[in-house]
Every structure is written in C-alpha cells, then in structure tokens.
Amino acid sequence: MATHHLPDHFKCPISLEIMSDPVILSSGHTFDRSSIQRWLDAGYRTCPITKLPLPDQPSLIPNHALRSLISNYTLLPPLHQTISQPQTLISTLTSPSSSSDSKIDSLRHLTRLSKRDCAFRRHLADSAAVPAVLAAVVDPALQEKALLLLLNLTLDDDSKVGLVAEGVVARLVAVLLNAPPDCRAVAATIVTSLSVVEVNRATIGAFPAAIAALVAILRDGKGRERKEAATALYALCSFPDNRRRAVNCGAVPILLRNVEIGLERCVEVIGVLAKCKEGREQMEGYNGCAQILARVLRNGSSRGVQYALFALTSLCLYSQRMVLLAQEEGVLEASIVFVEDDNEKVRRNACNLIRALRGNNSNHDRVD
C-alpha cells in the first residue's frame with residue numbers, strides 16, 4: 001500500500017509504516033504496538049522520541065480514536081492481512097513489561113483472528129501461545145478474554161488432544177469452581193468442545209473435581225452457566241465411566257430438579273445416566289421422577305421428548321415399580337401420541353416405551 005500521501009501522524013515513528021494498532025506511551029507519543037513492544041522487549045526504558053525515562057513496566061494505552069481514523073481514511077485490510085505472524089501479540093502476553101490493558105488488547109486481537117482463520121488457529125496452537133493463554137486464564141483481569149481465545153483454539157479436532165496435554169483441564173476446573181458466572185459458562189463450553197474427542201472425555205472425567213464442578217454449577221449456578229454445564233456433562237457422560245462418576249457426585253437429583261424448573265437440557269443428561277445401573281437406582285428412588293419425565297412428554301421439545309422416552313424406557317425395563325408409577329402418570333397415553341412422530345428416534349423410543357409398559361419386551365430395540 002502506498003503511504004506517501006497519508007498524514008504523517010498515521011505512521012509509526014519507529015517503523016514509518018501505517019499503524020494497525022496505535023498505542024500511547026506514557027510520554028504522550030503514539031506508536032504501533034508491535035514496534036514499541038519490540039523496543040521495550042529489547043530492554044529500552046526511554047521514549048524513542050523524547051529519550052525521557054519510562055517506568056519499569058510502561059503502560060501501552062490503545063489509541064482508539066486514531067485507530068478508527070486510520071481505518072476510515074485508508075480502508076485498511078482486516079487485521080489478519082496486516083499481521084502475518086502472531087508472535088508480537090504473543091510476546092505481549094508473555095512479556096513482564098506488558099500492562100494488563102495491552103495483554104487484554106492482544107487477547108482480543110488473537111481471538112478475532114482465530115475465530116475466522118483455521119490456519120491461524122493451528123499456528124497459535126503450535127506456537128508459544130498456549131502456555132501464555134493458560135497463564136492468562138488464572139489472572140482475573142485477563143480471564144474472560146483468555147477463555148474466549150481458548151474456546152477458539154478448541155474448534156479444530158487436531159488441537160483438542162494437544163490442549164489437554166498442555167494442562168488445560170486443571171485451569172478449566174479452577175475456573176468452574178471459583179470464577180464469575182460468565183467465565184464459568186465459557187469454561188463449560190470449552191469442556192464440551194474438548195469432549196468431542198473420546199480420549200479427552202476419559203481424561204477430563206478422571207480429573208479430580210471436573211465432573212463435581214459441573215454438578216455444583218447445576219446446583220448453585222444461574223441461567224447460561226447451568227445450561228452450558230448440563231451440555232458439558234452430557235458430552236462427558238457419553239463415556240461410560242463418567243456416568244458413574246456423575247451419579248456419585250449427586251447429579252441425578254440435581255438434574256431432575258433442573259428439569260422440573262424448566263432446564264430441558266438436563267433431560268438429555270438424565271437419559272444418558274439412565275444407561276447405568278447406579279443412575280437408574282437413584283432415579284427410581286427420587287420421589288416424583290416419573291411425574292417430571294411425564295411432564296416433559298406433554299410439554300417438551302422434540303429432543304426433550306426423545307430423551308424422556310429413552311429414560312422412562314430404561315427405568316421401566318429396570319423396575320416394575322417404575323412401570324406402575326409411569327402408568328399412574330398417564331405415560332402410556334402420552335407415548336402413543338409419538339408413535340407417528342416425524343422424528344424417527346422419537347417414534348422408535350415411543351414404541352419401545354409402550355412395549356415396556358405393556359410388558360412385551362421380546363422385540364425391544366435399542367433406544368436413542
């Protein structure tokens with residue numbers, strides 16, 4: 001891009017190039033972040049223009065007004081075209097001289113780039129970015145932005161196992177246990193994303209307090225964080241050993257209470273936990289379980305109905321007492337409605353439940 005016709009104050013005094021990320025030094029002068037960060041990382045503690053001394057940890061304050069002016073004036077290309085390597089942004093995260101504001105800004109840029117560019121994500125995952133981002137996750141000032149970047153890095157299956165190997169699970173569990181609700185919600189979403197890979201489901205489930213932390217959010221959390229925790233628990237519990245771990249953490253009564261107050265995502269987890277003997281035992285012992293699931297059959301979404309049918313079938317095949325309770329709640333009549341449903345899994349699960357309620361299980365199919 002030709003720059004000779006542009007105002008001089010659009011250009012970094014160090015690189016003489018148009019600034020893509022202008023920041024203000026404490027001396028009052030503006031520089032492109034990458035250029036001044038290289039100056040500081042080289043050990044200089046004077047302003048390149050005034051030569052006056054700078055603090056040991058100089059603050060780099062984003063010059064939003066100038067950046068907007070440059071963008072509008074020059075129609076600069078997207079950031080991924082002006083920064084070919086993330087090393088400058090990563091060095092801002094790792095440098096002891098970087099302020100919290102500059103680290104937040106770097107995390108924001110890296111998040112924006114990694115969201116839309118899979119090649120950029122792979123480069124970050126293979127670089128020094130992961131340890132730097134994991135370190136930022138435990139810093140309350142950086143936590144939310146670092147988690148959003150971490151979520152983007154989990155979008156590629158090739159990176160999921162590597163992130164777990166780097167120690168991401170311990171950081172996520174710490175967030176799930178102690179962070180603000182918004183951060184807990186993002187951390188739970190990351191767990192879901194990582195759990196796409198089977199070996200990760202086993203590793204995360206076996207990590208101390210991982211499942212217990214998700215169950216605690218379902219017990220004590222609010223809104224979005226509870227929904228994300230339920231989704232993460234569902235993903236983890238597709239691995240059989242994790243079902244028993246969830247049940248042992250007291251998940252069944254907490255999930256059923258959430259279903260009762262309208263969090264339908266928890267029905268899916270109940271359906272999965274009904275696959276294990278320990279889960280069925282606790283469901284049978286929970287007063288009102290059949291009533292809660294029958295209510296989902298009458299009022300739930302197609303997916304909610306699918307898993308309520310699934311859970312009720314498992315329970316009725318397991319316990320004659322649950323057959324009687326389900327019949328008292330009108331489950332047979334409610335199930336007949338779904339025999340000709342548009343959703344094939346709902347139809348099959350409804351037929352399986354009807355056979356279980358009628359005591360004809362000789363042709364019982366696999367439930368979904």
Side-chain angles (χ1 to χ4, degrees), residues 151 172-173 175-177 179-195 201 204-205 209-239 242-243 245-276 278-280 282-315 325-326 329 331 334 338 343 345-346 349 367-368:
L151 178 59
L172 292 175
V173 170
V175 173
L176 291 171
L177 289 171
D182 285 348
C183 290
R184 289 201 296 262
V186 178
T189 306
I190 294 171
V191 171
T192 302
S193 182
L194 292 171
S195 298
R201 293 196 287 270
I204 296 169
I211 288 177
L214 293 169
V215 174
I217 292 173
L218 285 169
R219 183 188 64 222
D220 304 323
K222 299 178 181 178
R224 178 178 163 232
E225 62 174 328
R226 283 194 300 128
K227 183 176 179 180
E228 296 299 340
T231 303
L233 199 58
Y234 173 82
L236 287 173
C237 287
S238 63
F239 182 70
N242 290 339
R243 296 168 197 160
R245 292 182 177 119
V247 171
N248 291 338
C249 288
V252 168
I254 292 168
L255 287 163
L256 286 169
R257 285 198 292 272
N258 274 281
V259 175
E260 198 167 14
I261 62 174
L263 185 56
E264 196 176 81
R265 185 63 54 83
C266 291
V267 183
E268 300 172 24
V269 191
I270 286 293
V272 177
L273 295 187
K275 291 182 176 182
C276 74
E278 296 87 347
R280 293 191 294 271
Q282 290 210 6
M283 290 173 205
E284 184 187 19
Y286 186 90
N287 186 30
C289 176
Q291 182 182 48
I292 291 167
L293 294 175
R295 193 176 302 131
V296 175
L297 295 187
R298 296 187 182 95
N299 304 315
S301 69
S302 178
R303 189 168 173 84
V305 166
Q306 174 187 329
Y307 281 90
L309 291 166
F310 180 104
L312 283 164
T313 302
S314 298
L315 290 167
L325 290 171
E329 295 297 333
V331 167
F338 299 108
N343 185 315
K345 290 182 178 180
V346 169
N349 288 357
V367 289
D368 293 296

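Computed from a predicted structure; not experimentally measured.
Side-chain contact between Leu218 and Leu263: present, with at least one pair of heavy atoms (C-beta onward) separated by less than 4.5 Å. Val186 is listed as a side-chain neighbour of Arg224, based on a closest heavy-atom distance under 4.5 Å. By the 4.5 Å heavy-atom criterion applied to side chains, Glu284 and Cys289 are not counted as neighbours. The shortest distance between side-chain heavy atoms of Ile292 and Ile270 does not fall below 4.5 Å. In this structure, the side chains of Val175 and Ile190 stay at 4.5 Å or more apart for every pair of heavy atoms. The side-chain heavy atoms of Phe310 and Lys275, taken from C-beta on, include a pair separated by under 4.5 Å.
Just one of Ile204, Val269, Val173, Leu236 meets the side-chain contact (heavy atoms from CB on, under 4.5 Å) condition when paired with Leu214; it is Leu236.
The distance from the CG atom of Asn248 to the CD atom of Glu278 is 7.0 Å, given to the nearest 0.5 Å. Lys227 NZ to Asn258 CG: the interatomic distance, rounded to the nearest 0.5 Å, is 13.0 Å. Going from atom CD of Glu260 over to atom CZ of Arg295 covers 5.5 Å, rounded to the nearest 0.5 Å. Rounding to the nearest 0.5 Å places OG of Ser301 at 9.0 Å from CZ of Arg265. Here the CD1 atom belonging to Ile217 is positioned 8.0 Å from the CG atom belonging to Leu177, to the nearest 0.5 angstrom. Rounding to the nearest 0.5 Å gives a distance of 11.5 Å between CG of Leu194 and CZ of Arg201.
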Decide side-chain contact (heavy atoms from CB on, under 4.5 Å) for Asn299 and Val296; before the verdict, give the C-alpha distance in whole Å, the side-chain angles of both, and the deciding distance to 0.1 Å.
CA-CA 5 Å; Asn299 304 315; Val296 175; over 6 Å; no
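Taking each heavy atom of Gly300 and Val305 in turn, the nearest pair found is O-CG2, 3.9 Å. Taking all atoms of both residues into account, the shortest heavy-atom contact from Ala308 to Leu297 is CB-CD2, 3.8 Å. Closest approach of Ala246 to Ile211, counting heavy atoms only: CA-CG2, 3.7 Å. Ala274 and Ala311 get closest at one heavy-atom pair: CB-CA, 4.1 Å. Residues Gly304 and Val267 share a closest heavy-atom pair of O-CG1, 3.6 Å. Annotation for Cys237 and Asn242: closest pair SG-O, 3.7 Å, computed over non-hydrogen atoms.
Within a 6.0 Å sphere centred on CG of Asp220, other residues, nucleotides and ligands contribute more than 12 heavy atoms.
Without hydrogens or angle criteria, Arg184 side chain to Ala179 main chain gives a donor-acceptor distance under 3.5 Å. The backbone N or O of Lys222 lies less than 3.5 Å from a partner atom in the side chain of Glu225, making a donor-acceptor pair. Between the side chain of Ser238 and the backbone N or O of Tyr234 there is no donor-acceptor pair closer than 3.5 Å.
In this view, Arg226 satisfies the salt bridge (charged side-chain N to carboxylate O under 4.0 Å, His left out) rule with no residue, not counting sequence neighbours. Partners of Arg257 according to the salt bridge (charged side-chain N to carboxylate O under 4.0 Å, His left out) rule, which considers only residues two or more places apart in sequence or in another chain, do not exist here.
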